[in-house]
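Heads up, the thing below is written out as C-alpha cells.
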Amino acid sequence: MQWQQLTSTEQIDQIKEESKGQPVVIFKHSTTCSISATAKSRLERQWDDVGLGSIKPYYLDLLNYRPVSNEIAQSFDVRHESPQLLLIKDGQCHYHGSHLGINLQEVKKLAS
C-alpha cells in the first residue's frame, strides 16, 4: 500500500477527476488518536489481502490540514469524522465509514 499525501484543497478536484478513471480512497487520520492509529494499521494490514491494489489511497493528516478535511466533508457531502475512509468513484463519494466500522470488503464491492 502506497499512501499519497493529501495536503491541499486543490487536490480534491484532481482526485475527483482521477476517480473517473480509477477508484480512489481518502483516509482521514488523527495522528494523536489511538482509535485512528488502530484503524490505519488495520487498513494497511488488510489492503492487499482484500485485493484493493487497483484503488489509489490518499492519506490526510487532518490535524495539520484541517481545512482540507473540512473541504472534503463539504465537497462530498459527508459528515466529518476521524478516522474516516471515503471511496471516491466517478467524482462522487460512494462509501464512507469511520472508526473501526470501516469495511474494506464493502469498499471493494462498491469500487467494482
Side-chain angles (χ1 to χ4, degrees):
M1 178 176 214
Q2 294 282 42
W3 291 113
Q4 305 299 310
Q5 297 297 314
L6 179 51
T7 58
S8 73
T9 56
E10 292 78 22
Q11 285 177 276
I12 295 169
D13 286 334
Q14 295 169 357
I15 287 170
K16 285 182 178 181
E17 280 304 309
E18 184 178 5
S19 76
K20 293 176 182 178
Q22 170 189 24
V24 172
V25 296
I26 297 171
F27 180 65
K28 295 180 4 179
H29 176 56
S30 171
T31 56
T32 61
C33 173
S34 63
I35 293 172
S36 194
T38 299
K40 182 177 181 280
S41 177
R42 285 176 62 186
L43 281 172
E44 292 171 342
R45 282 192 324 270
Q46 296 174 2
W47 190 260
D48 289 334
D49 292 341
V50 174
L52 297 175
S54 65
I55 298 175
K56 188 172 184 179
Y58 281 86
Y59 169 89
L60 173 67
D61 174 348
L62 67 89
L63 296 181
N64 285 321
Y65 301 102
R66 184 59 192 243
V68 179
S69 180
N70 293 340
E71 183 64 27
I72 288 169
Q74 183 178 351
S75 185
F76 294 111
D77 196 28
V78 296
R79 185 175 71 137
H80 163 77
E81 296 193 61
S82 169
Q84 186 175 39
L85 185 80
L86 292 84
L87 170 66
I88 312 302
K89 183 178 172 185
D90 299 321
Q92 299 180 354
C93 181
H94 287 258
Y95 168 90
H96 60 94
S98 66
H99 296 80
L100 300 180
I102 295 170
N103 184 328
L104 291 182
Q105 292 292 344
E106 185 71 11
V107 169
K108 181 178 180 180
K109 182 174 81 171
L110 293 170
S112 302

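Remember, predicted model here, so these are calculated numbers, not experimental data. In this chain, numbering begins with 1 at the start of the sequence shown. Below, all heavy atoms of this structure are taken into account, side chains as well, without hydrogens, waters or symmetry copies.
- Scanning all heavy atoms of the two residues, the minimum distance from Arg45 to Ser41 falls at NH1-OG, 2.7 Å.
- For residues 92-112, every residue pair satisfying the salt bridge (Lys or Arg N to Asp or Glu O under 4.0 Å) rule, not counting sequence neighbours, is listed here: Glu106-Lys109.
- For Gln74, the CD atom is loosely surrounded, since the number of other residues' heavy atoms within 6.0 Å does not exceed 12.
- By the 4.5 Å heavy-atom criterion applied to side chains, Leu43 and Tyr59 are not counted as neighbours.
- Every salt bridge (Lys or Arg N to Asp or Glu O under 4.0 Å) that Lys40 has, sequence neighbours left out, goes to Glu44.
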Could you go through residues 91-98 and list every donor-acceptor pair under 3.5 Å that involves a side-chain atom there, pairing it with any protein atom two or more places apart or in another chain?
residue : atom : partner : partner atom : Å
His94   : NE2  : Lys89   : O            : 3.0
Tyr95   : OH   : Asn103  : N            : 2.8
Ser98   : OG   : Glu81   : OE1          : 2.9

side-chain contact (heavy atoms from CB on, under 4.5 Å) between Tyr58 and Ile88, worked out:
CA-CA 11 Å; Tyr58 281 86; Ile88 312 302; over 6 Å; no

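- Side-chain atoms of Ile26 and Phe76, non-hydrogen and from C-beta on, do get closer than 4.5 Å to each other.
- Sparse packing is recorded around CG of Asp77, with 12 or fewer heavy atoms of other residues, nucleotides or ligands lying under 6.0 Å away.
- A heavy-atom distance below 4.5 Å is not found between the side chains of Ser82 and His29.
- Taking hydrophobic clusters as Ile, Leu, Val, Met, Phe, Trp and Tyr residues chained together by side-chain heavy-atom distances below 4.5 Å, Val50 shares a cluster with Leu110.
- Residues Leu87 and Ala111 share a closest heavy-atom pair of CD2-N, 3.8 Å.
- For Glu17, the salt bridge (Lys or Arg N to Asp or Glu O under 4.0 Å) test picks out Lys20, with sequence neighbours left out.
- Thr38 contributes a side-chain N or O that, together with a main-chain N or O of Ser34, makes up a donor-acceptor pair within less than 3.5 Å.
- Checked against salt bridge (Lys or Arg N to Asp or Glu O under 4.0 Å), Lys56 has the following partners two or more places apart in sequence or in another chain: Glu18.
- Contact check for Leu6 versus Ile15: side-chain heavy atoms found under the 4.5 Å cut-off.
- Taking the side chain as every heavy atom from C-beta outward, Leu104 and Leu85 approach each other to under 4.5 Å.
- The cluster map of Ile, Leu, Val, Met, Phe, Trp and Tyr, joined by side-chain heavy atoms under 4.5 Å apart, puts Met1 and Ile102 in the same cluster.
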Would you tabulate the side-chain donor-acceptor contacts of residues 61-69 under 3.5 Å, counting partners in other chains and residues two or more places apart, or write 'none'?
residue : atom : partner : partner atom : Å
Asp61   : OD1  : Leu63   : N            : 3.2
Asp61   : OD1  : Asn64   : N            : 3.3
Asp61   : OD2  : Asn64   : ND2          : 2.7
Arg66   : NE   : Asn70   : OD1          : 3.1
Ser69   : OG   : Lys28   : NZ           : 3.1
Ser69   : OG   : His80   : ND1          : 3.0

